[in-house]
There are 2 protein chains.
Amino acid sequence: MPFTPVQKVSAYESIVLQIESAIANGDLKAGDRLPGERKLMADFSVSRATVREALRVLQATGVVESRPGDPRGPVISHYSPRLLEKSMSQLARLDSVSRVEVLQFRLLLEGSATRLAARNRSEADLDLITTRHRELEASIKADGAEFFSDHVARFHAAIRRAAGNQLIEICGNVVGGIMSELMVRRLRTDADQLAIVQRSALDGARLVEAISARDPEGAAAIQVANIYRFYADDLDPAEVDALQPFLDPPVVE
Amino acid sequence: MPFTPVQKVSAYESIVLQIESAIANGDLKAGDRLPGERKLMADFSVSRATVREALRVLQATGVVESRPGDPRGPVISHYSPRLLEKSMSQLARLDSVSRVEVLQFRLLLEGSATRLAARNRSEADLDLITTRHRELEASIKADGAEFFSDHVARFHAAIRRAAGNQLIEICGNVVGGIMSELMVRRLRTDADQLAIVQRSALDGARLVEAISARDPEGAAAIQVANIYRFYADDLDPAEVDALQPFLDPPVVE
DNA sequence: TTCCGTGTACTGGTCAGGCCAGTAAACCTC
DNA sequence: GAGGTTTACTGGCCTGACCAGTACACGGAA
């Protein structure tokens, strides 16, 4: 029988749904203003507390922003990866998600981003990548491994940007951020940090060259190998094995 | 000067933060109970409205769940990919994200998921994949293209599950879901839908074989080519070109 | 005319107190 | 013990209120 389970939707949920679908079908777009809480409470004929609960969840999911005292009312947010970051790091912190999974995902994203970057980069992209790499090298010369993770993050972000795919870019940024937490710990506990950092910068130089020469496979191989080597020492054999499909061509040491 | 910008945190935010960090450092774990709203309001010495706003955002971000009438209070949720799904589809639905980008991302995820599945599948995984494929074929025999997109989605989901990487799995589910909306439209407007659907099922059979035979590269190639061909007719030359790096080995027709 | 305080009418943040439908568990019956 | 029934309490929602803070129009000085 084609009965469909009843789903009672509470008042505040209904408000959330209505506003979300107004955005989905274009009645509201980023930058637009919602009426103030008192107006909304009249429009939906609910109490202000209910309106506020609805606004809170819209705010928590990055749909609107509101500031006290602003007579223009809450504003529909422009997209920000905040929620994605939050949910991914929530996921990555999960006991059931191993660090291998995160690393696999990162190699996958970073590899294709690099491939695409080498293929599609504009001159402006290349300029930015080169600049970031120079800053990275300068930072190593000046402060050693101190600010390494910040600079390398910016360097990689520039590459992802050049790839021209926002999904890959943003997801890459997020997992990159998550991994860099691990990286900081890794560097702190490693006696040989300067050597690691310098080798990584050298890889970076070859990477810039390959992207400049529009060599997708070469660039991707360098990038993947570089990331892999960074963590390789910490991995046990089973983990190393699980990463093989993402190392292409295989990294043999 | 090492002054740090003041950030005023509102009452409800402070509650959210406290509860989140209690979870982060293990004082609260999934399945545990929070006190009821009236107790919380005393503990934090705020009004009930404030407690409720805090609970609403915790609920919206998948941290807690509450049910009316339950004297045991709100419960700390087990992880669910709901938030990740929501944020991914937010991202993918962005106007500035073109369908090529979504398709690139999908090919990337689906390709590696298939590769991993062929490599890591257990017998139980294979059983599920086989079952799903049989259901797909049965559905085509019985109803033609009618329920195709549902069944193919389930088939692909089983493959992603077998890959053993939750990040790839969940992201794949999301973009798969988004693409399947497009697919439904595509099938409806195509006169030749039955032929398309049947070819896709045939690819599916070869795919199952390759996964069964633990042939990662073969399986991935079939999967990627299958997905690509499904959309290829709708794409203009520039879009086709942009997809080349994800078709490996290249699909020549 | 332009500029710059100043007022004011609003905003969102928070509080207190109250009603209701619904649930879980203790209670009571058999 | 298995069953219905009560009861104490839950979360959902409402009303009405106060406060600190903001945007903007207004009015006076330059």
Side-chain angles (χ1 to χ4, degrees), chain A residues 5-20 22-23 28 30-78 80 82, chain B residues 5-20 22-23 28 30-78 80 82:
Chain A
V6 250
Q7 41 189 347
K8 33 211 155 187
V9 41
S10 50
Y12 86 93
E13 272 177 303
S14 164
I15 297 180
V16 170
L17 257 29
Q18 286 191 50
I19 293 181
E20 276 181 341
I23 294 173
L28 287 171
D32 286 355
R33 296 287 180 163
L34 244 36
E37 295 179 358
R38 286 161 240 259
K39 177 75 182 347
L40 286 175
M41 112 189 200
D43 289 353
F44 290 109
S45 69
V46 294
S47 77
R48 190 147 86 98
T50 304
V51 168
R52 285 175 62 70
E53 290 184 23
L55 288 176
R56 279 279 107 86
V57 350
L58 289 171
Q59 197 174 306
T61 50
V63 177
V64 307
E65 281 161 286
S66 46
R67 273 194 1 262
D70 189 337
R72 290 166 305 182
V75 55
I76 312 287
S77 309
H78 289 89
S80 131
R82 235 199 57 244
Chain B
V6 243
Q7 41 188 348
K8 34 211 155 183
V9 41
S10 48
Y12 85 92
E13 271 177 305
S14 164
I15 297 180
V16 169
L17 258 27
Q18 286 190 51
I19 293 182
E20 275 180 342
I23 293 173
L28 288 171
D32 286 356
R33 296 287 181 163
L34 245 36
E37 294 179 358
R38 286 162 239 262
K39 178 74 182 349
L40 285 174
M41 113 188 202
D43 289 353
F44 290 110
S45 69
V46 294
S47 77
R48 194 158 152 238
T50 304
V51 168
R52 285 175 61 72
E53 289 184 25
L55 287 176
R56 280 279 108 86
V57 351
L58 289 172
Q59 197 174 306
T61 51
V63 177
V64 307
E65 279 161 288
S66 45
R67 275 198 356 273
D70 189 336
R72 293 166 303 183
V75 56
I76 312 288
S77 309
H78 289 89
S80 129
R82 238 199 53 245

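Every chain is numbered from 1, with letters handed out A, B, ... down the list of sequences.
A heavy-atom distance below 4.5 Å is not found between the side chains of B/Arg52 and B/Tyr12. A/Ile15 has its side chain out of reach of A/Gln18: every pair of non-hydrogen atoms, C-beta onward, lies at least 4.5 Å apart.
Side-chain atoms of A/Thr50 never come within 3.5 Å of backbone atoms of A/Val46 as a donor-acceptor pair (strictly under, hydrogens ignored). Judged by distance alone, with hydrogens and angles left aside, the side-chain atoms of B/Arg33 form a donor-acceptor pair with the main-chain N or O of B/Gly73 at under 3.5 Å.
One finds the CG atom of B/Leu58 at 5.0 Å from the CD1 atom of B/Ile19 (value rounded to the nearest 0.5 Å). Interatomic distance, CD of B/Gln59 versus CD of A/Glu13, reported as 7.5 Å (0.5 Å rounding). In this structure, B/Glu65 CD and B/Ser80 OG are separated by 8.0 Å, a value rounded to the nearest 0.5 Å.
In this view, B/Asp43 and B/Lys39 satisfy the side-chain hydrogen bond (donor to acceptor under 3.5 Å, both in side chains) rule, not counting sequence neighbours.
The CG-P distance, from A/Leu55 to C/dG12, rounds to 8 Å in whole Å.
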Can you give one letter per nucleotide of nucleotides 14-27 of chain C, 5' to 3': B if a protein heavy atom sits under 4.0 Å from the base, S if only from the sugar-phosphate, - if neither? BB--B---BBSS--
What's touching nucleotides 4-7 of chain C from the protein side, N or O pairs under 3.5 Å?
none

